[in-house]
Asker: 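Let me give you the structure first, and then I'll get to my questions.
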2 protein chains.
Amino acid sequence: MAVAEADRTNLSPAVATQLRTAQDLFIRRWGEMGQTWGINRTMAEIHALLYVVAEPLCMDDVMERLHISRGNSSMSLRALCDWGIVRRLHKLGERREFFESLTDVWDMFSLITAERKRREMDPVLETIRECRRMLDEKTIGKQAARGREVQLTRERLAGMEEFMEVTNKIFQQFIGNARSGLTRVVRVLLKAF
Amino acid sequence: MAVAEADRTNLSPAVATQLRTAQDLFIRRWGEMGQTWGINRTMAEIHALLYVVAEPLCMDDVMERLHISRGNSSMSLRALCDWGIVRRLHKLGERREFFESLTDVWDMFSLITAERKRREMDPVLETIRECRRMLDEKTIGKQAARGREVQLTRERLAGMEEFMEVTNKIFQQFIGNARSGLTRVVRVLLKAF
DNA sequence: CTCCAGTTTCAGTAAGTACTGAAAGAATGC
DNA sequence: GCATTCTTTCAGTACTTACTGAAACTGGAG
């Protein structure tokens with residue numbers, strides 16, 4: 001149990017409380033932020049917990065600490081593992097499984113970015129291309145393609161496509177490069193401006 | 001009315017249908033994407049509509065085109081204006097108001113980025129700093145601050161703070177620079193890697 | 001095989017969010 | 001002043017998403 005583990009350390013009760021308070025504050029805020037970015041609160045909280053305690057926890061630890069049900073823990077932990085930002089961990093001689101967060105924030109960011117790009121940006125980009133195809137000369141004829149309204153819409157679609165392609169390229173730089181990539185990016189940027 | 005306006009143009013019915021189909025497809029996808037990023041679907045759809053038709057529309061146009069109520073239109077349009085990505089527009093001799101989207105995608109991105117940074121990242125960063133303060137030597141004493149668990153949590157919080165500070169700086173570059181800033185960023189990046 | 005510790009699944013429900021429609025409020029013109 | 005046209009607000013409701021808890025499942029030990 002986590003309790004037994006806590007006992008191993010020699011934190012005074014006052015310090016232990018302070019530690020927990022600080023962790024809880026972080027967890028709460030992280031959960032709130034997740035929500036506004038389209039990540040469900042509990043999932044973000046579990047992740048924050050695993051990240052901030054910096055030690056593998058089992059499902060019961062998570063349930064107890066965040067006051068959530070077994071079912072919820074199970075599903076959320078699975079989702080976090082699917083994202084790749086949490087790992088399952090077998091301790092030798094232990095029957096139950098433990099979970100730990102990735103350590104490196106930059107790696108986490110890379111994983112999340114890559115996944116969201118794939119899930120949410122790529123389909124939009126594809127749709128925009130399809131919309132443009134529906135309005136190009138080959139499809140509706142040269143005459144029609146010159147109509148004022150068609151022209152306007154075509155321009156807007158083109159503008160959006162260009163934008164998304166560029167942001168895609170930026171993401172591409174982050175993905176795979178992770179920490180080294182990002183810090184390099186930042187160095188370059190801060191110098192360039 | 002928008003109908004009268006459409007009549008002014010000489011689109012064949014077939015082309016008009018095709019145009020509308022393409023626009024609707026874009027609007028739908030944009031709405032879906034918005035949802036997954038924590039923006040409500042209708043708001044994203046209204047924005048997509050105003051952007052893609054590239055002509056000012058009045059509230060009734062919006063209601064009719066997206067099949068939403070007057071109340072919903074009113075609130076969503078107000079929110080879009082608050083974000084600054086949609087503008088109110090008076091046509092001379094017209095009683096009702098029209099709405100148009102910003103034209104430049106890069107400007108839109110800047111506005112949204114700035115606002116989300118302010119609303120969602122800054123408070124988190126402040127919280128992390130507060131958590132760190134709760135666990136520093138001055139607050140809990142030198143001895144306690146060296147406890148294993150306290151150390152671990154402190155390291156994690158520090159890692160996250162560093163990350164958020166760097167991403168903040170990147171955002172900072174975009175905000176205000178908008179198009180020129182971003183394209184410059186991209187050029188630099190593509191050269192550097 | 002059965003038992004048991006641990007995990008997953010999922011129907012039902014609670015909580016939260018978005019939307020409508022009607023009523024109140026503004027602004028314009030007579 | 002009143003009538004007309006357009007906009008906003010908000011209580012009530014529909015819809016969506018998240019969560020629980022119990023039952024089903026899994027795999028190791030006896």
Side-chain angles (χ1 to χ4, degrees), chain A residues 1-2 4 27-28 30-50 56-83 86-100 119-120, chain B residues 1-2 4 27-28 30-50 56-83 86-100:
Chain A
M1 287 297 297
I27 292 166
R28 193 145 37 83
W30 202 247
E32 288 163 8
M33 186 181 70
Q35 266 191 309
T36 66
W37 288 90
I39 293 155
N40 102 33
R41 210 194 59 236
T42 306
M43 234 174 95
E45 283 181 356
I46 294 179
H47 173 248
L49 169 62
L50 293 175
L57 301 182
C58 69
M59 222 165 73
D60 290 84
D61 294 333
V62 172
M63 287 165 57
E64 191 200 327
R65 183 79 183 255
L66 303 178
H67 309 286
I68 58 175
S69 71
R70 189 169 295 285
N72 197 2
S73 309
S74 174
M75 307 247 275
S76 300
L77 282 167
R78 160 186 287 276
L80 287 167
C81 291
D82 288 347
W83 277 87
V86 164
R87 267 201 291 262
R88 295 176 118 73
L89 186 69
H90 280 285
K91 289 194 180 177
L92 289 178
E94 273 280 8
R95 197 121 155 211
R96 67 218 155 129
E97 300 192 274
F98 288 76
F99 298 88
E100 62 176 2
R119 288 195 204 177
E120 288 143 26
Chain B
M1 287 297 296
I27 293 166
R28 194 144 35 83
W30 201 248
E32 288 163 7
M33 186 181 70
Q35 267 191 306
T36 66
W37 287 90
I39 293 155
N40 101 33
R41 210 194 59 237
T42 305
M43 232 174 97
E45 283 181 356
I46 295 179
H47 173 248
L49 170 61
L50 293 175
L57 300 182
C58 69
M59 223 165 72
D60 291 82
D61 295 333
V62 172
M63 287 165 57
E64 191 200 326
R65 183 79 183 256
L66 301 179
H67 309 286
I68 58 175
S69 72
R70 191 168 294 284
N72 198 1
S73 310
S74 174
M75 308 247 276
S76 300
L77 282 167
R78 160 185 286 278
L80 286 167
C81 292
D82 287 347
W83 277 87
V86 163
R87 267 201 291 261
R88 279 168 192 292
L89 186 70
H90 280 286
K91 289 194 181 179
L92 289 177
E94 272 281 6
R95 196 122 155 209
R96 64 218 158 131
E97 298 194 275
F98 287 76
F99 298 88
E100 63 176 1

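Atoms considered below: every heavy atom in the structure, side chains included; atoms not considered: hydrogens, waters and symmetry mates. First the proteins, then the strands, lettered A, B, ... as listed; each starts at 1.
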Asker: Name the residue closer to the 5' end of DNA chain C, choosing between A/Gly71 and B/Asn40 according to the nucleotide with the nearest heavy atom.
Answerer: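 Its nearest nucleotide being more 5', the pick is A/Gly71.
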
Asker: Set out, in order, the CA-CA distance, both residues' side-chain angles and the distance that settles side chain to side chain contact (heavy atoms under 4.5 Å, CB included) for A/Glu32 and A/Arg41, then state yes or no.
Answerer: CA-CA 6 Å; A/Glu32 288 163 8; A/Arg41 210 194 59 236; 5.5 Å; no

Asker: Any idea which of C/dT20, C/dA27, C/dT7 is nearest the B/Ile68 side chain?
Answerer: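 The answer is C/dT20, which lies nearest to the side chain.
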
Asker: Look at the rings of A/His47 and A/Trp30 and say which category their plane angle falls in: under 30° parallel, 30 to 60° tilted, over 60° perpendicular.
Answerer: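 Aromatic pair A/His47/A/Trp30 classed tilted.
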
Asker: B/Glu97 has a side chain; which of D/dT7, D/dT20, C/dT7 sits nearest to it?
Answerer: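 The answer is D/dT7.
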
Asker: Of the listed nucleotides (C/dC19, C/dG6, D/dC19), which one gets closest to any side-chain atom of A/Arg95?
Answerer: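 Closest of the options to the side chain of A/Arg95: C/dG6.
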
Asker: Which whole-number value in Å describes the distance from B/Met63 CE to D/dC6 C1'?
Answerer: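 So the CE-C1' distance, B/Met63 to D/dC6, works out to 11 Å.
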
Asker: Closest approach to the side chain of A/Ser69, judged atom by atom: which nucleotide of C/dT9, D/dT7, D/dC19 is it?
Answerer: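 For A/Ser69, the side-chain atoms sit closest to D/dC19.
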
Asker: Quick one: is D/dC19 close enough that its OP1 or OP2 comes under 4.0 Å of any side-chain N or O from A/Thr42?
Answerer: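 Yes, within the criterion.
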
Asker: Among the nucleotides D/dT20, C/dC19, C/dA27, which one has an atom lying closest to any side-chain atom of A/Asn72?
Answerer: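 Closest nucleotide among those given: D/dT20.
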
Asker: Would you kindly give the NE2-to-P distance between A/His90 and C/dT7, to the nearest whole Å?
Answerer: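 Taking NE2 of A/His90 and P of C/dT7, I get 9 Å after rounding.
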
Asker: Between C1' on C/dT28 and NZ on B/Lys91, what's the gap in Å once rounded to a whole number?
Answerer: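 Atom NZ in B/Lys91 sits about 19 Å away from atom C1' in C/dT28.
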
Asker: What are the two closest heavy atoms between A/Pro56 and A/Glu100, and how far apart are they?
Answerer: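 In terms of heavy atoms, the two residues are closest at CG-OE1, 4.0 Å.
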
Asker: For A/Ser73 versus A/Met59, what's the shortest heavy-atom pair and its separation?
Answerer: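 Distance-wise, the nearest heavy atoms are CB-CG, 3.8 Å.
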
Asker: For the side chain of A/Arg78, starting at C-beta, report the closest nucleotide among C/dT8, D/dC6, C/dC4.
Answerer: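 So the nucleotide nearest the side chain must be C/dT8.
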
Asker: Report the distance from atom CG of A/Leu57 to atom P of C/dT7, rounded to the nearest whole Å.
Answerer: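 That distance rounds to 13 Å.
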
Asker: If I take atom CG in residue A/Leu77 and atom P in nucleotide C/dT7, what distance separates them, rounded to the nearest angstrom?
Answerer: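 Interatomic distance, CG of A/Leu77 to P of C/dT7: 10 Å.
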
Asker: Is the shortest heavy-atom distance from the side chain of B/Ile46 to the side chain of B/Ile68 under 4.5 Å?
Answerer: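 Yes, close enough: below the 4.5 Å cut-off.
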
Asker: Provide, to the nearest angstrom, the distance between the CG atom belonging to B/Leu80 and the P atom belonging to D/dT8.
Answerer: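 It works out to 13 Å between those atoms.
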
Asker: Could you state the atom-to-atom distance from CD of B/Gln35 to P of D/dT17 in whole Å?
Answerer: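 Distance check: B/Gln35 CD to D/dT17 P gives 6 Å.
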
Asker: Output the rounded distance in Å from CZ (A/Arg41) to C1' (D/dA18).
Answerer: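 In whole Å, D/dA18 C1' lies 9 Å from A/Arg41 CZ.
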
Asker: Nearest nucleotide by nearest heavy atom, which residue falls closer to the 5' end of DNA chain D, B/Arg88 or A/Arg70?
Answerer: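 In this pair, the answer is B/Arg88.
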
